[in-house]
Amino acid sequence: MPIPSRLVWLFDIDGTLLLTDGAAREAFAFAVHECLGVEDDLRDIAFAGRTDPLILGDILRKYGHAFRDGEASRFWATTYARMEALLTPGRGRLLPGVSALLAAVDREPGWVPALLTGNTTGMARIKLGHFGIAERFAFGAFGEEAADRDALARVAVARAAERCGVPPARCIVVGDTEHDIACARAAGARVVAVATGIRDRAVLAAHRPDLLLDDLSEPARCLAWAREVAAQP
């Protein structure tokens, strides 16, 4: 039986936990040049709230290209290497309140911090490692596991049930776009939306998250709401 007070927190990465000042788009663009032989800043490709494989699919369709044997592996290896080179000391930042919220979740008995991110495992590891928080999460669901964000959320919720005995209603997705809200609903999870990415508060409010915050700089409000969720039968 599920432990009544248990919660699994499923954190998005980009725009929710941290910002990399456009490094991911630059890394993709570099790999496009190296692997496809074209110069493109990818400004017409949507990144926010989408999985890395879906972004790559948009790029390949734009150029009418399909990867042959080994080309996909080369693309990702090139992207990761460039991302590591771009994330120099001082580039990007953790968003307000993130460290305090993660510490508070760690202190709460039965609460588990995890990831629900469109980043591939490799990209997530680079970003989180750059900011020293890669070891703060018990598990994750990553972009290569499902290109569709709703399907990926179902993977995360199933993993929470398997590892922690937690039903969907005791999973809390924390994200910064309407895609995070939609995928939480699709998976039966709760959702906290934070206006720290490219979507403003009004856009997020229209999608009716369970809790809407300007940012995580006052974790007490988020924690109080989560304790109410945890106290429900």
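Please read all numbers here as calculations on a predicted model, not as lab measurements.
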| Co-membership, hydrophobic cluster, residues Trp9 and Val155, 4.5 Å side-chain | no
For [X], run the side chain to side chain contact (heavy atoms under 4.5 Å, CB included) check against [options] and tell me which one passes.
{"X": "Arg190", "options": "Ile172, Val173, Val174", "value": "Ile172"}
{"X": "Arg82", "options": "Thr78, Leu86, Thr79", "value": "Leu86"}
{"X": "Phe142", "options": "Thr51, Asn119, Leu115", "value": "Leu115"}

| said: Evaluate Leu152 against Leu116 for side chain to side chain contact (heavy atoms under 4.5 Å, CB included), listing each step before the verdict. | reply: CA-CA 8 Å; Leu152 187 60; Leu116 168 54; 3.7 Å; yes
Indicate the atoms forming the closest heavy-atom contact of [X] with [Y], along with that distance.
{"X": "Cys222", "Y": "Leu211", "result": "CA-CD2, 3.9 Å"}
{"X": "His179", "Y": "Arg149", "result": "O-CG, 4.1 Å"}
{"X": "Arg185", "Y": "Asp210", "result": "NH1-OD2, 3.1 Å"}
{"X": "Asp180", "Y": "Val191", "result": "O-CG2, 4.1 Å"}
{"X": "Pro219", "Y": "Leu101", "result": "CG-N, 4.1 Å"}
{"X": "Arg91", "Y": "Ala23", "result": "NH2-N, 3.4 Å"}

| request: For atom CZ of Arg201, decide whether the heavy atoms of other residues, nucleotides or ligands shown that lie under 6.0 angstrom number more than 12. | output: yes
| Near Glu218 CD, under 6.0 Å, is it more than 12 heavy atoms from other residues, nucleotides or ligands? | no
| query | Can Arg159 be said to sit on top of Phe139's aromatic six-ring, NZ or CZ under 6.0 Å from centre and within 45° of the ring axis? | reply | no
| field | Worked verdict on Cys164 versus Arg6 for side chain to side chain contact (heavy atoms under 4.5 Å, CB included) | value | CA-CA 8 Å; Cys164 306; Arg6 206 149 216 214; 3.9 Å; yes
Can you check whether [Y]'s main-chain N or O pairs, donor with acceptor, with [X]'s side chain at less than 3.5 Å?
{"X": "Arg50", "Y": "Ala46", "answer": "yes"}
{"X": "Glu228", "Y": "Trp225", "answer": "no"}
{"X": "Thr120", "Y": "Gly143", "answer": "no"}

| To which residues is Trp76 joined in a hydrophobic cluster, defined by side-chain heavy-atom contacts under 4.5 Å among Ile, Leu, Val, Met, Phe, Trp and Tyr, whether direct or through other members? | Phe28, Val32, Leu36, Val38, Leu42, Ile45, Phe47, Ile55, Leu56, Ile59, Leu60, Tyr63, Phe67, Phe75, Tyr80, Met83, Leu87, Met123, Ile126
